[in-house]
Amino acid sequence: MAKRYSVRKLRPLDLDRILEIEHASFGKDAYDRNLFAEFLHKCGALFLVAEDQDRRVCGYMVSCIRGKGADARAELVSVAVDPAGRGQGAASGLMESTLRRLRIRAIPRFALMVRVTNRKALAFYEKYGFHKVRTVRGYYEDRADGFLMAKTLAA
């Protein structure tokens with residue numbers, strides 16, 4: 001059964017919790033505090049967290065906008081949900097809030113990279129209308145391939 005989550009912009013005080021989720025999700029490939037601080041500075045309005053009913057941060061999604069006007073596009077930089085709370089709706093809440101915010105800003109395109117072997121993530125993104133654009137060979141640090149996926153956003 002899906003829980004109820006609220007989604008809001010990240011606050012600097014949330015960074016410790018974000019790092020916990022990041023390390024639990026990505027291990028040695030986790031981003032560090034400095035990179036998250038940079039994302040907060042550059043992409044702050046689209047660095048979102050999901051809170052459960054106890055107001056505990058249980059996931060995050062960071063997206064950044066590049067370009068202006070008709071050439072503008074957004075990139076989903078990273079998303080993670082606390083492993084203990086996966087499959088309960090936090091990622092969906094984050095995605096729906098991000099898509100809503102991008103449409104308000106009239107951003108026409110949203111793209112992301114995902115490992116070709118990450119079947120759960122692929123299914124999640126396809127559920128939200130993302131399609132595979134191309135395979136990027138050796139995209140990840142371990143030389144694993146990724147899919148570039150994109151979605152056109154209606155006005």
Side-chain angles (χ1 to χ4, degrees), residues 3 5-68 72-102 105 107 109-128 130 132-151 153:
K3 289 184 177 180
Y5 293 95
S6 60
V7 175
R8 63 168 172 80
K9 289 191 264 184
L10 176 95
R11 299 177 191 129
L13 291 174
D14 297 324
L15 283 175
D16 286 340
R17 179 67 181 134
I18 295 302
L19 287 168
E20 288 174 10
I21 294 167
E22 179 75 1
H23 285 280
S25 299
F26 300 110
K28 66 178 179 60
D29 295 322
Y31 290 162
D32 65 20
R33 176 181 291 277
N34 290 336
L35 189 54
F36 278 117
E38 184 177 330
F39 289 145
L40 177 58
H41 176 71
K42 289 184 176 179
C43 317
L46 292 171
F47 196 154
L48 306 177
V49 297
E51 289 183 323
D52 63 19
Q53 294 161 330
D54 297 325
R55 301 184 58 103
R56 179 170 168 79
V57 172
C58 56
Y60 76 87
M61 181 176 284
V62 58
S63 304
C64 295
I65 297 172
R66 310 214 191 290
K68 298 205 184 284
R73 68 191 192 302
E75 175 189 0
L76 193 159
V77 177
S78 187
V79 57
V81 173
D82 185 329
R86 291 186 183 156
Q88 299 177 33
S92 292
L94 288 161
M95 179 62 79
E96 290 162 11
S97 184
T98 297
L99 290 170
R100 192 169 39 253
R101 292 164 194 254
L102 292 173
R105 290 167 175 78
I107 303 300
R109 186 172 166 92
F110 192 23
L112 59 92
M113 289 292 300
V114 61
R115 283 182 185 270
V116 297
T117 57
N118 192 339
R119 300 288 171 226
K120 284 187 177 183
L122 285 165
F124 176 78
Y125 297 133
E126 287 170 349
K127 176 176 110 175
Y128 283 97
F130 286 86
K132 295 173 193 166
V133 175
R134 65 183 165 92
T135 301
V136 180
R137 303 275 178 223
Y139 176 80
Y140 292 94
E141 282 191 32
D142 64 0
R143 307 301 300 149
D145 296 343
F147 287 128
L148 173 63
M149 298 184 79
K151 174 181 177 64
L153 302 176

First locate atom CZ of Arg8, then atom CG of Asp14, and finally report the distance between them rounded to the nearest 0.5 Å.
-> 4.0 Å

Are the side chain of Tyr128 and the backbone N or O of Met95 linked by a donor-acceptor pair below 3.5 Å?
-> no

Nearest heavy-atom pair of Lys9 and Ala45: which atoms, and what distance?
-> CD-CA, 3.7 Å

Could you pull out the closest heavy-atom pair between Arg109 and Ala150, with the gap in Å?
-> NH2-CB, 3.4 Å

In Å and rounded to the nearest 0.5 Å, what is the OG to CG distance from Ser6 to Leu48?
-> 11.5 Å

Listed partners of Arg137 passing side-chain hydrogen bond (donor to acceptor under 3.5 Å, both in side chains), at least two apart = Asp145

Checking side-chain contact (heavy atoms from CB on, under 4.5 Å) for the pair Ser97/Arg100: CA distance, chi angles, key distance, verdict?
-> CA-CA 5 Å; Ser97 184; Arg100 192 169 39 253; 3.7 Å; yes

Check the pair Val81, Gln88 against side-chain contact (heavy atoms from CB on, under 4.5 Å), reporting the backbone distance first and the verdict last.
-> CA-CA 10 Å; Val81 173; Gln88 299 177 33; over 6 Å; no

d(Leu13 CG, Ile18 CD1) to nearest 0.5 Å is 12.0 Å

Between CD on residue Glu22 and CG on residue Asp32, distance to nearest 0.5 Å = 9.5 Å

Matching residue for Val57 among Ile21, Asp82, Asp52 - test: side-chain contact (heavy atoms from CB on, under 4.5 Å) | Ile21

Is Val79 close to Tyr125 at the side-chain level, that is, under 4.5 Å between some pair of heavy atoms?
-> yes

Are Phe130 and Phe110 close enough that their ring centers fall under 6.0 Å?
-> yes

Where Ser25 and Arg86 come nearest, the two heavy atoms and their spacing | OG-NH2, 2.8 Å

Nearest heavy-atom neighbours spanning Ala90 and Tyr5 = N-CE1, 3.4 Å

Side-chain contact, heavy-atom cut-off 4.5 Å: Val7 with Glu96?
-> no

Counting only N and O atoms by type, is there a donor-acceptor contact under 3.5 Å from the side chain of Arg119 to the main-chain atoms of Val116?
-> yes

Of all heavy-atom pairs linking Gly59 and Leu94, the shortest is C-CD1, 3.9 Å

Kindly indicate, with the supporting measurements, whether the criterion side-chain contact (heavy atoms from CB on, under 4.5 Å) is fulfilled by Lys127 and Ser92.
-> CA-CA 10 Å; Lys127 176 176 110 175; Ser92 292; 3.4 Å; yes

What distance separates Asn118 CG from Lys120 NZ, expressed to the nearest 0.5 Å?
-> 9.0 Å

Output, in order, the C-alpha distance, side-chain angles, deciding distance and verdict of ring pair (Phe, Tyr, Trp, His ring centres under 6.0 Å) for Phe36 and Tyr60.
-> CA-CA 11 Å; Phe36 278 117; Tyr60 76 87; 5.5 Å; yes

dist Tyr31:OH -> Ser78:OG (nearest 0.5 Å) comes out at 5.0 Å

Show the numbers, then the answer: is there a side-chain contact (heavy atoms from CB on, under 4.5 Å) between Glu75 and Cys43?
-> CA-CA 10 Å; Glu75 175 189 0; Cys43 317; over 6 Å; no

side-chain contact (heavy atoms from CB on, under 4.5 Å) with Leu46: which of Leu76, Leu102, Val62, Ile107?
-> Leu102

In short, Arg115 meets Ala144 closest at the heavy-atom pair NH1-CB, 2.9 Å

